[in-house]
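Chain A is the first sequence line, chain B the second, and so forth, proteins listed ahead of strands; every chain is numbered from 1.
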There are 2 protein chains.
Amino acid sequence: MPVTVLLVDDEPLVRAGLRAVLEAQPDIEVVGEAADGAAVIPLVRRLRPDVVAMDVRMPLLDGIEATRALLRTVDDPPRILVVTTFENDEYVYEALRAGADGFLLKRARPAEIVHAVRLIAEGESLLFPASVRQLAAEYGDTGGNRAARAVLERAGLTEREAEVLRLMARGLSNAEIAARLVVGTETVKSHVSAVLAKLGARDRTQAVIAAYESGFVAPG
Amino acid sequence: MPVTVLLVDDEPLVRAGLRAVLEAQPDIEVVGEAADGAAVIPLVRRLRPDVVAMDVRMPLLDGIEATRALLRTVDDPPRILVVTTFENDEYVYEALRAGADGFLLKRARPAEIVHAVRLIAEGESLLFPASVRQLAAEYGDTGGNRAARAVLERAGLTEREAEVLRLMARGLSNAEIAARLVVGTETVKSHVSAVLAKLGARDRTQAVIAAYESGFVAPG
DNA sequence: GCGAGCCTCCCCCGCACGGGGGAGACGATC
DNA sequence: GATCGTCTCCCCCGTGCGGGGGAGGCTCGC
């Protein structure tokens, strides 16, 4: 009976890579994929994977928050392997505090990745902060504006407000947003004001910056 | 006759992902992989790929140096698509200046990655953000990597204007920028207007979006 | 010397933006 | 039925923003 794995990462490329690496093993089966933390819980409920390979930096709900939510709301939760690009100790500790069972760098070799998944599935934990620290020093820690991200995630934007923010982040004026959403400009102004208040932004430019910095919208 | 691609990335996971994405296409063939920039030149000599998909951050020889070396030492060099995780102004400029033909984020969707490889193979240049491509059209460039370079350089921001744009992208108002730069607000307004005109932006929000989309400023 | 480009500052002017209120309609929840 | 949150729309009002001009001082290179 193979180890079943759910992949959670906002980059399709990474998901494809993980899938290729893991499915090359006869005893490991990738049973599903999710692109953000918010989609994880229902998927876990349905697929009941043994292991969730979870990215840290994701839109909507990051890996750490998703881990917390998962362990809090799901009975008999899967083991969680946090997968990330390059890390600082804060992330390691935060992830472990949140209840993750292991911690792995994307930079790891395929054999290490496979090994990690097997270990985690067997109930072992896995972490190597030494190599993490070394890599962080080697490549220079870019950090990331976690403050802005946290703000956005905990801001509690409604669906409509998020929609408006997305359009703001595409450079649309209030009038253009109104036309796009088929509502009045006064309505859009209300939503924009709500977005600004919730994000702690002074104007739409700052709101758009927060959207980019938090990963709510991505360049490209 | 399929497009042949050489993958150069120090992360096996990313190579596996790219391979999975690209080989799903009947007209694209991955002919080889390399884990660092130093291994690229002999591989290119032997395999003669149409396109090299090259990571920026790599041990031994980074993607920019490898690009330079490749174009300097190989006859009839392949087209070079720089693939990277984080958008960073220095990298964009440096990579294009080194002679890369395109610039792509790893977080791009599979369809975008495939599209990028095809475009590059056809001799087009590619800058992932639409706004930059738009600039290319506006400035009447003929395509090719010279175009890409020229666009970014000839987008023609002066040093001062670039400085103002950076501050705009940090959410500062005109008055705050003026205070920071120790000049009058009217001066800042002049610079901002120049930036807007050169970027084809209607307001500062669109300018900041362009800054993010072009990699002029990077999230995090 | 002279122009070109850049940085600096100034004027007028229209308007989109954002703050601060309020309010009706609807669905979900209790 | 009552309450809450969301979405919708409205009012007034001040101002920061951006367009369209112009102009002086400075350092370049021709």
Engineer: Can I get a per-line list of side-chain donor-acceptor pairs under 3.5 Å for residues 187-197 of chain A, giving both atom names and the distance, sequence neighbours left out?
Structural biologist:
residue	atom	partner	partner atom	Å
A/S190	OG	A/E186	O	3.3
A/S193	OG	A/K189	O	3.1

Engineer: Which residues pass the side chain to side chain donor-acceptor pair (under 3.5 Å) test with A/T4, sequence neighbours left out?
Structural biologist: A/D50
Engineer: Rounding to an integer number of Å, can you tell me how far A/H191 NE2 sits from D/dC9 C1'?
Structural biologist: 10 Å
Engineer: Going by the rule salt bridge (Lys or Arg N to Asp or Glu O under 4.0 Å), which residues pair with A/R202 if we only count those two or more places apart in sequence or in a different chain?
Structural biologist: B/E176
Engineer: Let me test you: for the helix from C/dG1-D/dC30 to C/dC30-D/dG1, what is the angle between the axes at its two ends (five pairs each), rounded to 10 degrees?
Structural biologist: 40°
Engineer: Quickly work out the A/R180 CZ to D/dT8 C1' distance and round it to whole Å.
Structural biologist: 20 Å
Engineer: Between A/E163 and A/R160, is the closest basic N to carboxylate O distance under 4.0 Å?
Structural biologist: yes
Engineer: Specify the separation, in whole Å, of atom CD of B/E163 and atom P of C/dC7.
Structural biologist: 9 Å
Engineer: Can you check the B/E161 CD to C/dG5 P distance for me, whole Å?
Structural biologist: 13 Å
Engineer: Under the rule for side chain to side chain donor-acceptor pair (under 3.5 Å), what residues qualify as partners of A/E33, not counting sequence neighbours?
Structural biologist: A/R15, A/R19
Engineer: Is there a side-chain polar atom (N or O) of B/T185 under 4.0 Å from OP1 or OP2 of C/dC9?
Structural biologist: no
Engineer: Within a radius of less than 6.0 Å around CZ of B/R170, do more than 12 heavy atoms belonging to other residues, nucleotides or ligands occur?
Structural biologist: no
Engineer: Using the test salt bridge (Lys or Arg N to Asp or Glu O under 4.0 Å), find all partners of A/R180 that sit at least two apart in sequence or belong to another chain.
Structural biologist: none
Engineer: For A/D203, give me all partners under side chain to side chain donor-acceptor pair (under 3.5 Å), at least two apart in sequence or on another chain.
Structural biologist: none
Engineer: Show me the protein contacts with nucleotides 17-19 of chain D, counting only N or O atoms at under 3.5 Å.
Structural biologist:
residue	atom	partner	partner atom	Å
D/dG18	OP1	B/R204	N	2.6
D/dG18	OP2	B/R204	NH1	2.8
D/dG18	N7	B/K189	NZ	3.2
D/dG18	O6	B/K189	NZ	2.7

Engineer: B/A179: which residues meet the side-chain contact (heavy atoms from CB on, under 4.5 Å) condition with it, sequence neighbours left out?
Structural biologist: none
Engineer: Looking at B/E161 and B/T158, would you say the former's side chain and the latter's main chain have a donor-acceptor pair under 3.5 Å?
Structural biologist: yes
Engineer: Looking only at side-chain N and O atoms, does B/R160 come under 4.0 Å of OP1 or OP2 in C/dT8?
Structural biologist: yes
Engineer: Could you state the CD1-C1' distance from B/I177 to D/dG16, rounded to the nearest angstrom?
Structural biologist: 12 Å
Engineer: To the nearest 0.5 Å, tell me how far A/T67 OG1 sits from A/I80 CD1.
Structural biologist: 4.0 Å
Engineer: Enumerate all atom pairs, one protein N or O and one N or O from nucleotides 21-25 of chain D, separated by less than 3.5 Å.
Structural biologist:
none

